[in-house]
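Here is the structure we will look at, set down as C-alpha coordinates.
What you see below is based on every heavy atom in this structure, not just the backbone, and it leaves out hydrogens, waters and symmetry mates. For reference, positions follow the sequence shown, starting with 1.
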Amino acid sequence: MGERIEPAPEQLDAEDSKIVTLARSARARIGATEGAAVRDTDGRTYTGCTVDLGVLRLSALQSAVAAAASSGAEGLEAAALVTDGTEIDPDSLAAVRALGRRVPVFRADGGGVVSDVTRDVE
(Lines give C-alpha, C1' and ligand atoms only; values in the text may rest on other atoms or scores of the structure.)
Protein backbone atom coordinates (compact mmCIF):
# COMPACT_ATOMS: atom_id res chain seq x y z
CA MET A 1 0.00 0.00 0.00
CA GLY A 2 1.25 3.49 -0.85
CA GLU A 3 0.40 6.77 -2.46
CA ARG A 4 0.56 7.81 -6.11
CA ILE A 5 0.74 11.49 -7.09
CA GLU A 6 -0.81 12.36 -10.45
CA PRO A 7 -0.93 15.64 -12.36
CA ALA A 8 -4.12 17.64 -11.88
CA PRO A 9 -6.90 16.89 -14.34
CA GLU A 10 -7.59 19.50 -17.03
CA GLN A 11 -10.86 20.34 -15.32
CA LEU A 12 -12.39 19.22 -12.03
CA ASP A 13 -15.99 18.16 -11.86
CA ALA A 14 -18.37 20.51 -10.05
CA GLU A 15 -18.32 18.62 -6.74
CA ASP A 16 -14.52 18.47 -6.61
CA SER A 17 -14.29 22.17 -7.52
CA LYS A 18 -16.66 22.87 -4.62
CA ILE A 19 -14.41 21.23 -2.02
CA VAL A 20 -11.36 23.10 -3.35
CA THR A 21 -13.32 26.35 -2.99
CA LEU A 22 -14.42 25.38 0.53
CA ALA A 23 -10.83 24.54 1.51
CA ARG A 24 -9.64 27.85 0.14
CA SER A 25 -12.36 29.72 2.06
CA ALA A 26 -11.56 27.88 5.30
CA ARG A 27 -7.91 28.89 5.01
CA ALA A 28 -8.69 32.52 4.17
CA ARG A 29 -11.31 32.92 6.91
CA ILE A 30 -8.71 32.83 9.68
CA GLY A 31 -5.47 33.26 7.74
CA ALA A 32 -4.42 29.68 8.46
CA THR A 33 -1.36 28.02 6.99
CA GLU A 34 -3.57 25.43 5.31
CA GLY A 35 -7.25 24.88 4.66
CA ALA A 36 -8.96 21.61 3.80
CA ALA A 37 -12.34 20.20 2.91
CA VAL A 38 -13.66 16.67 2.60
CA ARG A 39 -16.85 15.24 1.09
CA ASP A 40 -18.43 12.21 2.71
CA THR A 41 -20.21 9.35 0.96
CA ASP A 42 -23.57 11.08 1.56
CA GLY A 43 -22.34 14.25 -0.23
CA ARG A 44 -21.95 16.34 2.93
CA THR A 45 -18.88 18.56 3.18
CA TYR A 46 -16.68 19.47 6.13
CA THR A 47 -13.87 21.98 6.40
CA GLY A 48 -10.86 22.40 8.63
CA CYS A 49 -7.78 24.54 9.12
CA THR A 50 -4.40 24.08 10.67
CA VAL A 51 -4.74 24.01 14.47
CA ASP A 52 -1.79 24.71 16.77
CA LEU A 53 -2.79 25.24 20.38
CA GLY A 54 0.42 23.92 21.88
CA VAL A 55 -1.27 20.91 23.47
CA LEU A 56 -3.33 20.19 20.33
CA ARG A 57 -1.87 20.16 16.84
CA LEU A 58 -3.84 19.13 13.77
CA SER A 59 -3.17 19.60 10.10
CA ALA A 60 -5.99 21.05 8.04
CA LEU A 61 -6.84 17.63 6.60
CA GLN A 62 -6.82 16.04 10.05
CA SER A 63 -9.14 18.79 11.25
CA ALA A 64 -11.57 18.30 8.33
CA VAL A 65 -11.56 14.51 8.79
CA ALA A 66 -12.19 14.95 12.53
CA ALA A 67 -15.16 17.21 11.73
CA ALA A 68 -16.55 14.58 9.37
CA ALA A 69 -16.02 11.72 11.82
CA SER A 70 -17.53 13.66 14.71
CA SER A 71 -20.60 14.31 12.56
CA GLY A 72 -21.07 10.62 11.89
CA ALA A 73 -19.54 10.30 8.43
CA GLU A 74 -18.84 6.67 7.66
CA GLY A 75 -16.69 7.24 4.59
CA LEU A 76 -15.17 9.87 2.32
CA GLU A 77 -15.40 10.41 -1.44
CA ALA A 78 -12.84 13.19 -1.91
CA ALA A 79 -10.58 15.63 -0.08
CA ALA A 80 -8.88 18.91 -0.94
CA LEU A 81 -5.98 20.74 0.66
CA VAL A 82 -5.06 24.37 -0.02
CA THR A 83 -1.46 24.98 0.93
CA ASP A 84 1.72 26.72 -0.12
CA GLY A 85 3.52 23.44 0.53
CA THR A 86 4.79 21.17 -2.21
CA GLU A 87 3.47 17.92 -0.75
CA ILE A 88 0.90 16.51 1.65
CA ASP A 89 2.32 15.16 4.88
CA PRO A 90 1.86 11.43 5.56
CA ASP A 91 -0.12 11.94 8.79
CA SER A 92 -2.68 14.04 6.93
CA LEU A 93 -3.04 11.39 4.24
CA ALA A 94 -3.39 8.72 6.95
CA ALA A 95 -6.30 10.67 8.45
CA VAL A 96 -8.06 10.72 5.08
CA ARG A 97 -7.36 7.02 4.54
CA ALA A 98 -8.89 6.22 7.94
CA LEU A 99 -12.28 7.12 6.45
CA GLY A 100 -11.72 6.12 2.85
CA ARG A 101 -9.33 4.10 0.76
CA ARG A 102 -8.77 5.32 -2.78
CA VAL A 103 -10.07 8.79 -1.94
CA PRO A 104 -8.50 11.39 -4.26
CA VAL A 105 -6.79 14.22 -2.38
CA PHE A 106 -6.49 17.39 -4.46
CA ARG A 107 -3.63 19.76 -3.58
CA ALA A 108 -4.16 23.37 -4.58
CA ASP A 109 -2.38 26.68 -4.07
CA GLY A 110 -3.84 29.74 -2.37
CA GLY A 111 -5.50 30.80 -5.60
CA GLY A 112 -7.33 27.49 -5.83
CA VAL A 113 -5.29 26.13 -8.73
CA VAL A 114 -5.01 22.35 -8.31
CA SER A 115 -1.49 21.11 -8.98
CA ASP A 116 -1.84 17.39 -8.31
CA VAL A 117 -3.98 14.56 -6.97
CA THR A 118 -2.75 11.96 -4.49
CA ARG A 119 -4.39 8.55 -4.66
CA ASP A 120 -4.04 5.44 -2.54
CA VAL A 121 -2.59 2.40 -4.30
CA GLU A 122 -2.69 -1.08 -2.88
Please indicate whether R24 has more than 12 foreign heavy atoms, meaning atoms of other residues, nucleotides or ligands, lying under 6.0 Å from its CZ.
no
Give the cluster check for [X] versus [Y]: same hydrophobic cluster or not, with ILVMFWY residues linked at side-chain heavy-atom distances below 4.5 Å.
X: L61; Y: I19; result: no
X: I5; Y: V121; result: no
X: F106; Y: L22; result: no
X: V38; Y: L99; result: yes

Under 3.5 Å, is there a donor-acceptor pair between the side chain of [X] and the main chain of [Y]?
X: T50; Y: E34; value: yes
X: D42; Y: R44; value: no
X: R27; Y: T33; value: yes
X: R4; Y: V117; value: no

Is any side-chain N of the basic residue among D52 and R57 closer than 4.0 Å to the acidic one's carboxylate O?
yes
Side chains of R97 and V105: closer than 4.5 Å at any heavy-atom pair?
yes
Quick check: do T47 and R29 have side-chain heavy atoms less than 4.5 Å from each other?
yes
With sequence neighbours excluded, what pairs up with Q11 under the side-chain contact (heavy atoms from CB on, under 4.5 Å) test?
none
Walk me through it: do R107 and T118 pass the test side-chain contact (heavy atoms from CB on, under 4.5 Å)?
CA-CA 8 Å; R107 184 176 60 87; T118 300; 6.0 Å; no
Which residues satisfy the salt bridge (Lys or Arg N to Asp or Glu O under 4.0 Å) test with R39, sequence neighbours excluded?
D16, E77
What closest approach, in Å, do [X] and [Y] show between heavy atoms, and which atom pair accounts for it?
X: S63; Y: G48; answer: OG-CA, 3.6 Å
X: Y46; Y: A68; answer: CD1-CB, 3.4 Å
X: G110; Y: D84; answer: N-OD1, 4.3 Å

Matching residue for V96 among D120, L81, I88, V65 - test: side chain to side chain contact (heavy atoms under 4.5 Å, CB included)
V65
Decide side-chain hydrogen bond (donor to acceptor under 3.5 Å, both in side chains) for S92 and S59; before the verdict, give the C-alpha distance in whole Å, the side-chain angles of both, and the deciding distance to 0.1 Å.
CA-CA 6 Å; S92 293; S59 71; 2.6 Å; yes
